[in-house]
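Computation of the quantities below employed the complete heavy-atom set of this structure, encompassing side-chain atoms and omitting hydrogens, waters and symmetry-equivalent molecules. The first residue in the sequence is number 1, and the count goes up from there. Remember, predicted model here, so these are calculated numbers, not experimental data.
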Amino acid sequence: MYKQEEIKPYGKTGEKGKLVEEMFDNIAPTYDTLNHRLSWDIDKGWRKKAIRQLSPFHPKTILDIATGTGDFAILSAKLLSPQKMVGIDISEGMMKIGQQKVEKEGLQEIISFKKEDCTQLSFNDNSFDAVTAAFGIRNFQNLDQGLKEMCRVLKPGGHLSIVELTTPVSFPMKQLFKIYSHSILPVYGKLISKDNNAYSYLTNTIEAFPQGEVMLKILKKAGFKDASFQRLTFGICTMYFARK
């Protein structure tokens, strides 16, 4: 078990997946606003970089894991022009907002949403040309199993593109980020979302989540090859790319 798997929202006992679902349902109405404000909109650029990793391969079918409110799925549809894009999440509250955004963009024929447990996907083996995940895999109840499932549903030769929040490794950004993530982020998150615990939980999982070279070993163990990573914005975010 990895450290972040032991961290649960609200300090409660019980199944982590159910608690994560409850938390994201609670913060869904303010999630987009907080995401963009707390990152000064830099998160939009991170998403674009992660999607552009897939551009040379022209994937026609894409599965977006932990799709949330659909930002990554919508941007992928615009930049990659796939035939089909499926966004999955355990939070119906988040996906409801995503569906509204998809309809506003006129992308209903391309993007669909489905409630799924990432550790037990309902899709057949070798179903998708690409699998993506933005800021969600650190919430997995079982990271190894979730990544194995992502590999299973990916077609041979298909690609995985992940972007995830991480902790900077170099001075002074490492120290500045620690101050920001333990003071400004949880306080502002609490004020806007009205959830007393959600953004403290998110900070704790960022710090506990394996990153860099350690994450590459985990990806390879799950069945991926040619795994690589790139730190963005002084290491606040990390992109991973791999092939089945």
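The closest side-chain heavy-atom distance from Phe241 to Gln230 is not below 4.5 Å. By the 4.5 Å heavy-atom criterion applied to side chains, Leu34 and Ser193 are counted as neighbours. Looking at Leu107 and Met85, their side chains never come closer than 4.5 Å, going by heavy atoms from C-beta outward. No side-chain heavy atom of Arg231 sits less than 4.5 Å from a side-chain heavy atom of Thr166. The shortest side-chain heavy-atom distance between Asp64 and Val86 does not fall under the 4.5 Å cut-off. The shortest distance between side-chain heavy atoms of Glu22 and Lys12 falls below 4.5 Å. Looking only at side-chain heavy atoms (C-beta outward), Leu80 and Ile62 come within less than 4.5 Å of each other. For the pair Phe140/Gln4, no side-chain contact is recorded, criterion being any heavy-atom separation below 4.5 Å from C-beta on.
The pair Asp32-Lys101 counts as a salt bridge, with a side-chain nitrogen and a carboxylate oxygen less than 4.0 angstrom apart. At a threshold of 4.0 Å, the pair Glu21-Lys115 counts as salt-bridged, since one of the basic side-chain nitrogens sits closer than that to a carboxylate oxygen. A salt bridge is absent between Lys8 and Glu15: the closest approach of a Lys/Arg side-chain nitrogen to an acidic carboxylate oxygen does not fall below 4.0 angstrom. For Glu164 and Arg138, the salt-bridge test passes: some basic side-chain N is under 4.0 Å from an acidic carboxylate O.
A donor atom on one side chain and an acceptor atom on the other are not found under 3.5 Å apart for Asn204 and Tyr199.
The backbone N or O of Leu121 lies less than 3.5 Å from a partner atom in the side chain of Glu149, making a donor-acceptor pair. Formation of a donor-acceptor pair under 3.5 Å by the Gln211 side chain with backbone atoms of Thr167 is found in this model. Using a distance-only test at 3.5 Å, with no hydrogens or angles considered, a donor-acceptor pair links the side chain of Asp129 to the main chain of Lys60. A donor-acceptor pair is defined here as one N or O able to donate and one able to accept, closer than 3.5 Å; such a pair exists between the side chain of Ser161 and the backbone of Ala50. Within the 3.5 Å criterion, the main-chain N or O of Ile236 finds no donor-acceptor partner in the side chain of Thr233. Checking side-chain atoms of Tyr240 against main-chain N and O of Gly212 turns up a donor-acceptor pair under 3.5 Å. A donor-acceptor contact shorter than 3.5 Å links the side chain of Asn197 to the backbone of Tyr10.
Contact record, Leu54 with Pro59: O-CD, 3.6 Å, taken as the closest heavy-atom pair. Cys237 and Val163 make their closest contact through SG-CG2, 3.1 Å (heavy atoms, listed as atom of the first residue, atom of the second, distance). When all heavy atoms are compared, the tightest approach of Pro210 to Ile218 is CG-CD1, 3.6 Å. When all heavy atoms of Lys244 and Phe224 are compared, the closest pair comes out as N-CD2, 4.4 Å. Ala66 and Asp89 get closest at one heavy-atom pair: C-OD2, 3.2 Å. Scanning both residues, Ala77 and Ile111, for their nearest heavy atoms gives CB-CD1, 3.8 Å.
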Next item on the list: Would you please test Thr132 and Ile51 for side-chain contact (heavy atoms from CB on, under 4.5 Å) and show each step?
Entry: CA-CA 8 Å; Thr132 60; Ile51 292 166; over 6 Å; no
Margin query: Between Tyr201 and Asn139, does the side chain to side chain donor-acceptor pair (under 3.5 Å) criterion hold? Intermediate values first, please.
Written below: CA-CA 10 Å; Tyr201 160 81; Asn139 297 311; 2.9 Å; yes
Next item on the list: Please test Thr119 against Lys148 for side chain to side chain donor-acceptor pair (under 3.5 Å), starting from the C-alpha separation and ending with a verdict.
Entry: CA-CA 8 Å; Thr119 63; Lys148 284 178 183 177; over 6 Å; no
Next item on the list: Could you walk me through whether Leu219 and Leu160 pass side-chain contact (heavy atoms from CB on, under 4.5 Å), step by step?
Entry: CA-CA 10 Å; Leu219 287 169; Leu160 172 72; 3.7 Å; yes
Notebook entry, point to check: Is there a side-chain contact (heavy atoms from CB on, under 4.5 Å) between Leu232 and Thr238 once you walk through the steps?
Noted result: CA-CA 6 Å; Leu232 306 175; Thr238 303; over 6 Å; no
Next item on the list: Apply the test side chain to side chain donor-acceptor pair (under 3.5 Å) to residues Ser122 and Glu116: give CA-CA distance (whole Å), side-chain angles for both, the deciding distance (0.1 Å), then the verdict.
Entry: CA-CA 7 Å; Ser122 65; Glu116 290 267 341; 2.4 Å; yes
Next item on the list: Apply side-chain contact (heavy atoms from CB on, under 4.5 Å) to the pair Met23 and Leu202, showing each step before the final yes or no.
Entry: CA-CA 11 Å; Met23 182 190 73; Leu202 294 174; 4.2 Å; yes
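When the side chains of ILVMFWY residues are joined at heavy-atom separations under 4.5 Å, either directly or via intervening members, Trp46 and Met173 end up in a single hydrophobic cluster. Placement of Leu75 and Met95 within a single hydrophobic cluster is found when ILVMFWY residues are connected by side-chain heavy-atom separations under 4.5 Å, directly or transitively. When hydrophobic clusters are built by joining Ile, Leu, Val, Met, Phe, Trp and Tyr residues whose side-chain heavy atoms come closer than 4.5 Å, directly or via intermediates, Met150 is grouped together with Phe229. Under the 4.5 Å side-chain heavy-atom criterion for Ile, Leu, Val, Met, Phe, Trp and Tyr, Leu63 and Leu143 are members of the same hydrophobic cluster. Two different hydrophobic clusters hold Val169 and Phe209 under the rule that ILVMFWY side chains link at heavy-atom gaps under 4.5 Å.
The number of heavy atoms from other shown groups lying within 6.0 Å of NZ (Lys174) does not exceed 12. When the shell of 6.0 Å around CD of Glu109 is examined, it contains 12 or fewer heavy atoms from other residues, nucleotides or ligands. Annotation for Lys96: atom NZ does not count as buried by contact number, only 12 or fewer foreign heavy atoms lying within 6.0 Å. Within a 6.0 Å sphere centred on NZ of Lys3, heavy atoms belonging to other residues, nucleotides or ligands number 12 at most.
Ring pair Phe24/Tyr31 is perpendicular by interplanar angle, where above 60° counts as perpendicular and below 30° as parallel.
In this view, Lys49 satisfies the salt bridge (charged side-chain N to carboxylate O under 4.0 Å, His left out) rule with no residue, not counting sequence neighbours.
Distance check, rounded to the nearest 0.5 Å: CD of Glu6 to OG1 of Thr205 gives 13.0 Å. Remark: Thr61 OG1 to Leu154 CG distance equals 9.0 Å, nearest 0.5 Å. We find the CE-OG distance between Met239 and Ser228 to be 8.0 Å, quoted to the nearest 0.5 Å. With rounding to the nearest 0.5 Å, the separation of CD1 in Ile97 from CD in Glu92 is 13.0 Å. Separating the OG atom in Ser91 from the CG atom in Asp25 is a distance of 3.5 Å, to the nearest 0.5 Å. Rounded to the nearest 0.5 Å, atoms CD (Gln99) and OG1 (Thr69) are 12.5 Å apart.
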Solution key, residues 177-184 side-chain donor-acceptor pairs under 3.5 Å, sequence neighbours excluded:
unit_1: Tyr180; atom_1: OH; unit_2: Leu38; atom_2: O; d: 2.4
unit_1: Ser181; atom_1: OG; unit_2: Phe177; atom_2: O; d: 2.9
unit_1: Ser181; atom_1: OG; unit_2: Lys178; atom_2: O; d: 3.3
unit_1: His182; atom_1: NE2; unit_2: Glu207; atom_2: OE1; d: 3.3
unit_1: His182; atom_1: NE2; unit_2: Glu207; atom_2: OE2; d: 2.5
unit_1: Ser183; atom_1: OG; unit_2: Ile179; atom_2: O; d: 2.4

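Ring-centre distance between Phe128 and Phe123: below the 6.0 Å cut-off.
A salt bridge (charged side-chain N to carboxylate O under 4.0 Å, His left out) check over residues 190-199, counting only residues at least two apart or in different chains, returns nothing.
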